[in-house]
Amino acid sequence: MSARRAIGGGGTLLAIVALLSGCATSGGGQPSGTDILKGVLSGYSVGGVNVGAAAGVAMSANDAMREIPEPEEIQMGNDIAAALLGAAPLVDNRAQQVYVNDVGRWLALHSARPDLPWKFGILDTDSINAFATPGGNVFLSRGLVMQMHSESELAGVLAHEISHVVLKHHLKDIQKNATKNMALDLASLKAGGLVGEAAQAVARVGMEGFVRGLSREDEMQADRLGVVIAARAGYDPYGLPIVLQDLAALPQDESAMGQFLHTHPAPTERLAALEAIMPASWEAWSIANPALAGRFARTFPGQGVAAAPAAAARPAAQKPATPSKPAAKAPAKTATPKPVP
Amino acid sequence: MNVKVSMLALAVLAATGSTLAGSAWADPGTTVRPVDLKAMPASDAKTVLSLPKDAPVDVVTRQGAWIQLKSGKTTGWAKLFDVRLAPTGGPARASSNSEALNLALGNRGSSLTTGVRGLDADMLEKAAPNPAQFAKLQTFAQTAAEASAFARAGNLKSRDVAPLAPADVAAPATPGAAK
């Protein structure tokens with residue numbers, strides 16, 4: 001293919017542009033690969049020279065870092081979400097999933113991107129982790145949800161993930177790493193074949209991003225924005241610090257934390273950063289909310305409000321795990337309040 | 001008597017279903033700085049006991065920004081950030097994450113089924129798309145109207161909150177005993 005020869009070293013960049021554009025079109029009609037390429041190139045100009053007309057020679061890195069239109073971002077995120085769900089399925093509990101979607105959507109309504117097609121899911125894995133894809137897909141692992149005792153803690157973690165989406169952290173990471181690493185070249189441009197392959201290639205870069213992790217500053221920024229979103233949504237904004245305090249007490253090794261430790265700053269470091277910026281005036285928002293406590297405890301039995309006897313709170317390490325038995329976690333005085341109409 | 005006051009406060013909190021941290025009940029911890037324990041979860045409440053840095057405490061409960069501590073026979077409230085929880089006793093090298101977690105979490109009793117054990121790098125990188133699961137995910141999505149109704153039922157009221165700037169100076173060092 002002559003075009004391939006002509007672009008030489010710029011092939012990767014061109015392929016990425018085609019890829020990203022391919023994502024956008026996959027939701028609608030099915031233009032051929034060459035149509036997509038033509039469309040993308042004709043829309044690009046570098047220094048006044050139309051790239052398509054110049055056979056795509058002078059692409060710069062800035063072109064690959066263009067602002068990706070929202071529909072493309074959403075399609076890309078959905079492709080990554082589908083891939084992630086190939087790694088771990090959803091917990092088979094509709095009530096829990098809808099609950100997490102209610103909390104998450106309410107939080108997202110208080111973000112700068114309230115109208116994305118937000119979707120939230122609990123992944124059925126006991127690893128501790130959370131993921132956000134571009135376009136508004138947010139996932140928590142079952143292992144992480146098991147750490148939580150309240151809706152404000154759930155909100156704190158969801159708001160952190162929502163912040164990654166709002167700030168386009170993963171989107172920028174994908175763009176950056178796609179330009180560096182993607183091996184796909186124009187040889188894969190077969191008529192009608194680009195869309196599927198492009199989508200998979202982008203999803204692969206996104207999944208690699210979950211393994212690689214975002215930058216430390218991205219994580220700290222998501223903490224800073226996350227507590228603000230939680231506060232704006234009416235939650236006690238100390239939910240995220242409480243979860244981090246618990247995570248800091250877990251063995252800081254792969255047995256409990258897995259990938260999470262590789263991809264996030266240490267919980268103690270994040271706690272210290274939050275302490276430095278959360279205003280004392282926010283402490284007034286740490287008040288009891290019976291309506292929230294009741295519905296969290298109903299949705300996640302055995303995890304919510306509890307005042308267990310001291311002896312039962314921290315079993316000896318030798319004690320076998322019996323997850324089917326809530327044990328002494330729900331004494332009478334924590335009886336579920338009446339649902340709020 | 002101060003202890004009585006704070007225990008009463010706790011009882012009220014518990015009875016009204018506050019966000020108590022069940023697993024932290026009487027969990028051991030240490031102060032990360034000198035701390036004045038307060039009779040109530042408020043900065044202007046009376047100080048019932050002054051603790052030095054690295055003082056061993058038992059965590060009674062947590063309430064947002066506040067954490068209730070017991071030292072000897074005295075109970076009082078400190079800031080959440082004043083305390084580091086002692087490392088949980090989960091085995092450092094469990095045969096599976098699930099085992100470690102169940103131990104670490106005090107056997108919290110999740111009713112969820114078992115899915116993937118460890119979600120490791122290899123699984124993430126080699127995952128094949130699962131369109132059926134993605135379709136299922138979409139069925140859980142809630143509209144803005146549904147989420148707003150959910151918020152009303154939870155007495156959640158939107159607030160005006162200014163963004164937070166990054167701290168100018170490096171974050172204060174927190175001793176990393178959990179490492």
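Every value quoted in this text rests on a predicted model; they were computed, and no experiment measured them.
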Contacting region of A:Ala203 [heavy-atom separation from chain B under 4.5 Å]: neither
For A:Gly234 and B:Leu156 the tightest heavy-atom approach is O-CD2, 3.5 Å
Under 4.0 Å between a Lys/Arg side-chain N and an Asp/Glu carboxylate O for B:Lys79 and A:Glu275? no
Below 4.5 Å from any heavy atom of chain B, which atoms of A:Val103 appear? Answer side chain, backbone, both or neither. both
Against chain A, label B:Ala121 side chain, backbone, both or neither, depending on which of its atoms sit under 4.5 Å from a heavy atom there. both
Can you tell me which of A:Pro117, A:Ala284, A:Ala231, A:Ala280 forms the most heavy-atom pairs within a distance under 4.5 Å of chain B? A:Ala231
Over all heavy atoms of both residues, which pair between B:Ile67 and A:Gln245 is shortest? Give the atoms and the distance, please. CD1-OE1, 4.1 Å
Interchain contact, A:Asn129 with chain B, by part (heavy-atom threshold 4.5 Å): neither
Evaluate the side-chain contact (heavy atoms from CB on, under 4.5 Å) criterion for residues B:Phe134 and A:Asn137: first the C-alpha distance (whole Å), next the side-chain angles of each, then the deciding distance (0.1 Å), finally the verdict. CA-CA 10 Å; B:Phe134 182 75; A:Asn137 299 294; 4.1 Å; yes
As an exercise, state the distance from OH of A:Tyr99 to CZ of B:Phe150, rounded to the nearest 0.5 Å. 5.0 Å
Could you tell me whether the side chain of B:Ser158 reaches within less than 4.5 Å of the side chain of A:His110, counting heavy atoms only? yes
Ignoring hydrogens, what is the shortest heavy-atom contact between B:Ala141 and A:Asn101? Give both atom names and the distance. CA-OD1, 3.5 Å
Bottom line for A:Trp285: the part with an atom under 4.5 Å from chain B's heavy atoms is both
To the closest 0.5 Å, what do you measure between CZ (B:Phe81) and CG (A:Leu244)? 8.5 Å
Quick check for you: to the nearest 0.5 Å, what is the distance between A:Thr268 atom OG1 and B:Arg84 atom CZ? 9.0 Å
Between A:Arg232 and B:Asp160 (side chain of the first, backbone of the second, donor and acceptor by atom type, cut-off under 3.5 Å), is there such a pair? no
Sidechain-backbone polar pair: B:Gln133 side chain, A:Gly86 backbone, donor-acceptor under 3.5 Å: no
Of A:Met278, A:Lys119, A:Met207, A:Arg224, the largest count of non-hydrogen pairs under 4.5 angstrom with chain B goes to A:Arg224
Does a side-chain N-to-carboxylate-O contact under 4.0 Å join A:Asp236 and B:Arg62? no
Specify the closest pair of heavy atoms between A:Ala291 and B:Ala153, including all atoms of both residues, with the distance to one decimal. CB-O, 3.6 Å
Reported CZ-to-CG distance for the pair B:Phe140 and A:Leu90, which is rounded to 0.5 angstrom: 5.5 Å
Leading residue by heavy atom contact count with chain B [cutoff under 4.5 Å; candidates A:Ile229, A:Leu225, A:Asp115, A:Leu109]: A:Leu109
Based on non-hydrogen pairs under 4.5 Å, which of B:Ala42, B:Gly29, B:Pro163, B:Ala132 is most in contact with chain A? B:Pro163
Does the side-chain contact (heavy atoms from CB on, under 4.5 Å) test come out yes or no for A:Phe131 and B:Leu119, once each step is laid out? CA-CA 12 Å; A:Phe131 305 92; B:Leu119 184 55; 3.8 Å; yes
Please classify the contact between B:Thr139 and chain A as side chain, backbone, both or neither, with a heavy-atom cut-off of under 4.5 Å. both
Work out which heavy atom in A:Ile277 is nearest to a heavy atom in B:Ala165; give both atom names and the distance. CG2-O, 3.4 Å
Donor-acceptor contact below 3.5 Å, side chain A:Ser286 vs main chain B:Ala65: yes
What part of B:Ala162 gets closer than 4.5 Å to chain A, counting heavy atoms only: side chain, backbone, both or neither? backbone
From A:Gln259 CD over to B:Leu124 CG, what is the distance, rounded to the nearest 0.5 angstrom? 6.0 Å
I'd like to know which of B:Ala135, B:Ser148, B:Pro131 tops the heavy-atom pair count under 4.5 Å against chain A. B:Ser148
A:Phe139 portion near chain B, given a 4.5 angstrom heavy-atom threshold: side chain
Gap separating the CZ atom of A:Arg94 from the NZ atom of B:Lys136, nearest 0.5 angstrom: 9.5 Å
Applying a strict 4.5 Å limit to non-hydrogen atoms, the region of A:Glu283 in contact with chain B is both
Where do B:Leu164 and A:Trp282 come nearest, in terms of heavy atoms and distance? CD1-CH2, 3.6 Å
Is a donor on one side and an acceptor on the other found under 3.5 Å between the side chain of A:Arg105 and the backbone of B:Gln142? yes
Taking every non-hydrogen pair under 4.5 Å, which of A:Asp102, A:Val228, A:Val211 racks up the most with chain B? A:Asp102
